[in-house]
2 protein chains.
Amino acid sequence: MRASDRAYAALRDDIIEWRLRPGTVLAEVEQSERLGISRTPLREALSRLTAEGLTTTAGSRGVVVTDISLEDIDELFELRETLEGKAAALAAERGDAAVFLQLQGELLEAPALISAADPARHDYYELVGRLDSAIDAAISNSYLAQAMRSLRVHLVRVRRLAADDHARLTAAAAEHAAIAEAIAAGNPRLAQAATTMHLHRSLSHVKATHKPH
Amino acid sequence: MRASDRAYAALRDDIIEWRLRPGTVLAEVEQSERLGISRTPLREALSRLTAEGLTTTAGSRGVVVTDISLEDIDELFELRETLEGKAAALAAERGDAAVFLQLQGELLEAPALISAADPARHDYYELVGRLDSAIDAAISNSYLAQAMRSLRVHLVRVRRLAADDHARLTAAAAEHAAIAEAIAAGNPRLAQAATTMHLHRSLSHVKATHKPH
DNA sequence: ACGGGGATTTCTGTATACACTGATTGCGAC
DNA sequence: GTCGCAATCAGTGTATACAGAAATCCCCGT
């Protein structure tokens, strides 16, 4: 694996997990020494982060970690509702019903995953990730898929702001199951509506349990 | 201006104007010598182009200019309809009516710009660009605006494929005027419908007059 | 004591040298 | 003649050295 890839992954994780707080300046020499690489691959990693919107170049002060305010979260979910609603509708039109029926079944069993002794909810998020991937594959639109991928980076960051308690995750699993069911049924409008419902409830939950950093 | 910025702008223009055809490999040493800069800033330019989707890294063969097929154009317009439809609706809800009334008036006079002896239709495209900027400003959603900006790069490239004849541009100006009118009237659903109409006609025209390269 | 100017230092931006990987070509053997 | 292996070469990935700019700090003057 290339050094620039490792630097990108490390910095990306540090930002997403809020170990690098918004406003932190990422000086090239400092970070290259911390990660044990040279400045050249680090610069490439920083450009990629900036292209994704996780950092911005603040004049000649180097790059700084971007902030996410409550207004940003509103904007983020506005775009997310647009993109994922359309994606769910397209998946209902073009997707393979069997795949989403299978996912619906797994999602209905998801509460077992959440109540397990996995504090990071790894299995649960992996299942949700599989639903996202299935939708990506079903829509067969690389531009839309790319737009959603670039959004999800910011959403993972927002998710860390909220308290993902057991009750919310159980409800979210049911909402995801409803989306999968609508897609499997080949009903675009229902799939879009289920997505809208899920995102609105997610947004409400995030804003209600927002822990200021 | 930085050398990497100049390299980025030069390569971006070369790709958009189809001087660099899809499939062309952009070898680092070759391009850095052609542009009179070193490899370091050129690599930064290439990463930016790759992040935008204008190029892709093809294994160890360096980066190659991405292709745009007819299926890509369908996907592109599918996403464009989603994003610009939502943007028009939001602009109708949040925008300043006076701004869009003014733009509507100018767009109704646009045929005069098109029939002038400007083969590049510079004034006309500048006016359309002002409408895009006004919508960007009105929606006050940086994520959505960013997503549309990254799309427009590809759209300019597609536009070069079509024969932008006088008749189509005149009709397009009227369609743009209709969008501006709906936004000025504060009617989100009408604004979205007008956008859908315009994009469908644009897509039909592109596919009808497509010049294979 | 406060303000301004200059010098120093620390940063980014660029160039270049080096290393390593992967491909291509040529030579030899079957 | 063809297949295989090896050697060379081209080209990317990385490190480092240098230059230029900007910010900060210190010193001097008022």
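Just the heavy atoms: all of them, side chains too, but no hydrogens, waters or symmetry mates, feed the values below. Order of the sequence lines fixes the chain letters, A, B, ..., with proteins taken first and strands second; residue numbering starts at 1 for each chain.
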Whole angstrom is fine here: how far is it from CE in B/M1 over to C1' in C/dT14? 16 Å
Test log, rule side-chain contact (heavy atoms from CB on, under 4.5 Å), inputs B/R43 and A/E44: CA-CA 8 Å; B/R43 282 175 68 90; A/E44 187 182 324; 3.4 Å; yes
In whole angstroms, the gap separating P of C/dT16 from CG of B/L42 amounts to 14 Å
Under 3.5 Å donor-acceptor pair, A/S4 side-chain atoms to D/dT14 base atoms: no
Exam field: side chain A/T24 to backbone A/L20, donor-acceptor pair closer than 3.5 Å: no
Nearest of C/dT14, D/dA15, D/dT12 to any side-chain atom of A/P41? D/dA15
Report the distance from atom CD of A/E33 to atom P of D/dA15, rounded to the nearest whole Å. 13 Å
If we ignore hydrogens and angles and just use 3.5 Å, is the side chain of B/E75 paired with the main-chain N or O of A/S142 as donor and acceptor? yes
Nucleotides 18-24 of chain D: protein proximity per nucleotide (B base, S sugar-phosphate only, - neither; heavy atom, under 4.0 Å): ----SSS
With the side chain of B/S38 defined as its heavy atoms from C-beta on, choose the nearest nucleotide among C/dG13, D/dT12, C/dT16. C/dT16
Are the ring centres of B/Y143 and A/H154 closer than 6.0 Å? yes
Would you check if there is a donor-acceptor pair between the side chains of A/S202 and A/R159 at a distance under 3.5 Å? no
What pairs of nitrogen or oxygen atoms, one from the protein and one from nucleotides 19-21 of chain C, lie under 3.5 Å apart?
none

Just checking, any donor-acceptor pair under 3.5 angstrom between side chains of B/T66 and B/T56? no
Between C/dA17 atom C1' and B/E28 atom CD, what is the distance in whole Å? 15 Å
Expressed in angstrom and rounded to an integer, what is the separation of A/Q31 atom CD from D/dT14 atom P? 17 Å
Determine which pairs satisfy salt bridge (charged side-chain N to carboxylate O under 4.0 Å, His left out) with at least one residue from residues 63-74 of chain A, sequence neighbours left out, and list them in order. A/D74-A/K207
A/R43 CZ to D/dA15 P: how many Å, rounded? 14 Å
Given atom CD of A/E30 and atom P of C/dC11, what is their separation to the nearest angstrom? 8 Å
How about B/H198 and B/E84: does a side-chain donor come under 3.5 Å of a side-chain acceptor? no
A/L26 CG - C/dT12 C1' separation (whole Å): 14 Å
Out of D/dT16, C/dA15, D/dT12, which has the shortest distance to the side chain of B/T40? C/dA15
Shortest non-hydrogen contact from A/I114 to A/T170? CD1-N, 3.7 Å
